[in-house]
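Okay, so here's the structure we're looking at.
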Amino acid sequence: MEQKKLVAQAIVDATDGQLSLDEVMSKIEVPKSYDLGDYAFPAFILSKVYRKAPQQIAPELVEKIDQDGFDKVEAVGPYVNFFLDKKSFSKNVLAAILQKKEGYGQQDLGHAGNVPIDMSSPNIAKPMSMGHLRSTVIGNSLAELLKKANYNPIKINHLGDWGTQFGKLIEAYKLWGSEEEVRKDPINTLLKYYVHFHEVDEKQPELDDEARAWFKKLENGDEEATNLWQWFRDESLKFFKSIYQKLGIDFDSYNGESFYNDKMDEIVDLLEQKNLLQESRGAEIVDLEKYGLNPALIKKTDGTTLYITRDLAAALYRYRTYNFAQSLYVVGNEQTNHFKQLKAVLKEMGYEWADNIHHIPFGLITSGGKKLSTRKGNIILLEDVLNDAVDLAKKQIAEKNPDLPNKDQVAEDVGVGAVIFHDLKNERLNNFDFNLEEVVRFEGETGPYVQYSHARAMSILRKAGNIDLENAQLAGLNDEESWEVVRQLSNFPAMVGRAVEEYEPSVIAKYSIRLSKSFNKYYAHTKVLTDDDQKDSRLAMVASVAIVLKESLRLLGVNAPNEM
RNA sequence: GCGCUUGUAGCUCAGCAGGAUAGAGCAACCGCCUCCUAAGCGGUAGGUCAUCGGUUCAAUUCCGAUCAAGCGCACCA
């Protein structure tokens, strides 16, 4: 960044103030090829001012530029190409990383503002599928990223522990359930009842009425209903937590939908006071015509509440509790409309802070091209995927590194890491069809590739012994392969910034691959542990790579074993 | 019908908020371990950047239209 400004200033000086620093800054680009330098200025915009071809202007600019502090400045066609002083630049970057360690890349974008993140949010009595993985893993990574940018994230697991489906579940349990069966295998048994309910329900729609009645009882605090509900919830949560542990993710709050049960009257009252509620087809709605949206259904004909009513209560509660700088919802793309409605209703209520609510949508995971559906039993169990991945990692270890210590832990790190990384590697909004082989792949642009690169770096450092790199006088590096690594290293802070601004963990995932690639290339080309005057600099670079790779993986929620 | 999202190599995807010959990974074929972990490195092959217009010195990138796919569109969440 500093360097870019230096380059821009050089251009400004050479053009006698024809262009402002900002103008030049926005035009300066990074060439894609090594031999075109580190920064380039395209001279096209000057052709109007000087009434000359840009190909003529470029060499004239080079004449006027003070080449001090650069390895070289040259004109190629209409471009002025700048080559940084590699030795001093690399020395500075490496020294900074070694000094800041995992604090490298930290920045103050958030001024310690609170950011509740609504994430994961599985439904009670249903298994976690690959769809929940996305929300969990994206939310977790965003939390880490926000923390690094000096926000204070609050991870909220907004459990789906309320709603008509509990009426259905209770009805199903009353009809076909056995306590013993549920105790043995809670989730799968409850799921079985739920799926069965929907099968029977097709032919006996009157079951729906029964289910609705049970939910109504639940909302009114009926003892039997409440006890069953509590039991289902406890069992489910126990199971969910085992998966979260495997993923290495925890939450600051498990306040789910039921938590807002007693906070909805206030919302309804407020809406009434503000004259926003209308009756329509026997239900209570808020008209959102002027936002170009469908009306928001606040209360059903039978008087029970809906999803959006609870979300309104939750939004208000979060505002009061956290006085948030931003409030994020990591929820699938298919719910975009719901969040537009949510924000619109809050706006209608006069809450300006609705502008700080952001829906972070992500693409749909399908299986065999079809949408996953709990009701239809078309699900991919997250548990199975994680187990498969870890098993595969164990096999790889047995094959490639049988003497490895902590085999089981490393297999967990690598297997789970592969699954998480696969999910975060691509842009959030991309849909993808689930393919186990692809998810648990360990070669190519994958999590294990990055982990492996880190492990290799650590291995070199181990062999180097105790060297005080922090206080060493670095000579700097200037060969082509190390230059690519240094450039990548210097980009890390900017990548963190972009990932935070775009709420996009994939920025970091892709960056970590790029850094790994440049490092592996370097590794294949240069022997680090050779005694000469650049050895300390090479080691400093290897140490920096290890730090930044580990930190990148951490921001994604992936562990980086020292050996694998 | 309306809204949101997407359309780049056989497959999966990048392309830094317009620029110099469009890049990876996988799959295919061919090389590289007496040398710091071959979960690696290198090479070959593969593209009218969905189509048509517009803005610009310059468009895969911005705007509009068309086509195709996915997802939504009141008593599920």
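All chains are named by letter (A, B, ...) in the order of the sequence lines, taking the proteins before the strands, and each is independently numbered beginning at 1.
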If you check the [X] side chain, which of [options] turns out closest?
X: A:N520; options: B:U5, B:A39, B:C41; result: B:C41
X: A:L364; options: B:G70, B:A17, B:U37; result: B:G70
X: A:K527; options: B:A77, B:A20, B:C36; result: B:C36
X: A:E443; options: B:C71, B:C36, B:A39; result: B:A39
X: A:R281; options: B:U37, B:C75, B:U21; result: B:C75
X: A:K510; options: B:G42, B:U37, B:A14; result: B:A14
X: A:A283; options: B:A20, B:C75, B:A39; result: B:C75
X: A:N426; options: B:G72, B:C13, B:C57; result: B:C13
X: A:L529; options: B:C76, B:C36, B:A39; result: B:C36
X: A:E445; options: B:C73, B:A24, B:A38; result: B:A24

Base orientation of B:A69, syn vs anti, 90° cut from 0: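 Anti for B:A69; the angle lies over 90° from 0.
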
Where the chi angle of B:C63 falls, syn if within 90° of 0 and anti if not: anti

Side-chain (A:H132) to main-chain (A:S129) donor-acceptor, under 3.5 angstrom: yes

Nearest-angstrom distance from the residue atom [atom1] of [X] to [atom2] of [N]:
X: A:N491; N: B:A14; atom1: CG; atom2: P; answer: 19 Å
X: A:D536; N: B:C36; atom1: CG; atom2: P; answer: 21 Å
X: A:N337; N: B:C73; atom1: CG; atom2: P; answer: 8 Å
X: A:I285; N: B:C73; atom1: CD1; atom2: P; answer: 16 Å
X: A:R538; N: B:C36; atom1: CZ; atom2: P; answer: 15 Å
X: A:Q341; N: B:C73; atom1: CD; atom2: C1'; answer: 9 Å
X: A:Q396; N: B:G40; atom1: CD; atom2: C1'; answer: 13 Å
X: A:Y449; N: B:C13; atom1: OH; atom2: P; answer: 20 Å

If we call it a pair only when both distances are under 3.5 Å in a Watson-Crick or G-U wobble match, what pairs with [N]?
N: B:G31; value: B:C41
N: B:G18; value: none
N: B:A24; value: B:U12
N: B:C52; value: B:G64
N: B:C2; value: B:G72

Sole residue of A:I365, A:V385, A:D423 in side chain to side chain contact (heavy atoms under 4.5 Å, CB included) with A:L133: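 Among the candidates, only A:D423 passes.
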
So, [X] and [Y], do they make that salt bridge, N to O below 4.0 Å?
X: A:E171; Y: A:K168; value: no
X: A:E348; Y: A:K290; value: yes
X: A:E445; Y: A:K517; value: yes
X: A:D532; Y: A:K535; value: no

May I ask you to verify if any side-chain N or O of [X] is less than 4.0 angstrom from the OP1 or OP2 atom of [N]?
X: A:K340; N: B:C73; answer: no
X: A:R514; N: B:C16; answer: no
X: A:N294; N: B:G72; answer: no
X: A:K371; N: B:G72; answer: yes
X: A:S459; N: B:C36; answer: no
X: A:K48; N: B:C57; answer: yes
X: A:Y307; N: B:A77; answer: no
X: A:K463; N: B:U37; answer: yes
X: A:K521; N: B:G40; answer: no

Taking the [atom1] atom in each of [N] and [M], what is the distance between them to the nearest angstrom?
N: B:G15; M: B:A20; atom1: C1'; result: 15 Å
N: B:G18; M: B:U60; atom1: P; result: 14 Å
N: B:A28; M: B:A9; atom1: C1'; result: 14 Å
N: B:C29; M: B:G72; atom1: C1'; result: 46 Å
N: B:A58; M: B:A22; atom1: C1'; result: 16 Å
N: B:A77; M: B:C71; atom1: C1'; result: 15 Å
N: B:G3; M: B:C11; atom1: C1'; result: 31 Å
N: B:U48; M: B:A74; atom1: C1'; result: 47 Å

Nearest-nucleotide 5' precedence on RNA chain B, A:E29 against A:Q165: A:E29

RNA chain B: 5'-proximal contact among A:T336 and A:R456 (nearest heavy atom):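 It is A:T336, whose closest nucleotide lies nearer the 5' terminus.
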
Within 6.0 angstrom of A:H525 NE2, more than 12 heavy atoms from elsewhere: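 No.
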
Within 6.0 angstrom of A:E399 CD, more than 12 heavy atoms from elsewhere: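 Correct, the count exceeds 12.
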
Touch check for [X], heavy atoms < 4.0 angstrom, all strands: base, sugar-phosphate only, or nothing?
X: A:E563; result: base
X: A:R462; result: nothing
X: A:I397; result: base
X: A:P31; result: base
X: A:V30; result: base
X: A:K32; result: sugar-phosphate

Within 45° cone and under 6.0 Å: A:R456 NZ/CZ vs A:F519 ring: no

Under 3.5 Å, is there any donor-acceptor pair linking the side chain of [X] to the base of [N]?
X: A:T301; N: B:C75; result: yes
X: A:N81; N: B:A20; result: yes
X: A:S33; N: B:A20; result: no

is_close_aromatic(A:H338, A:Y329), centroid dist under 6.0 Å: no

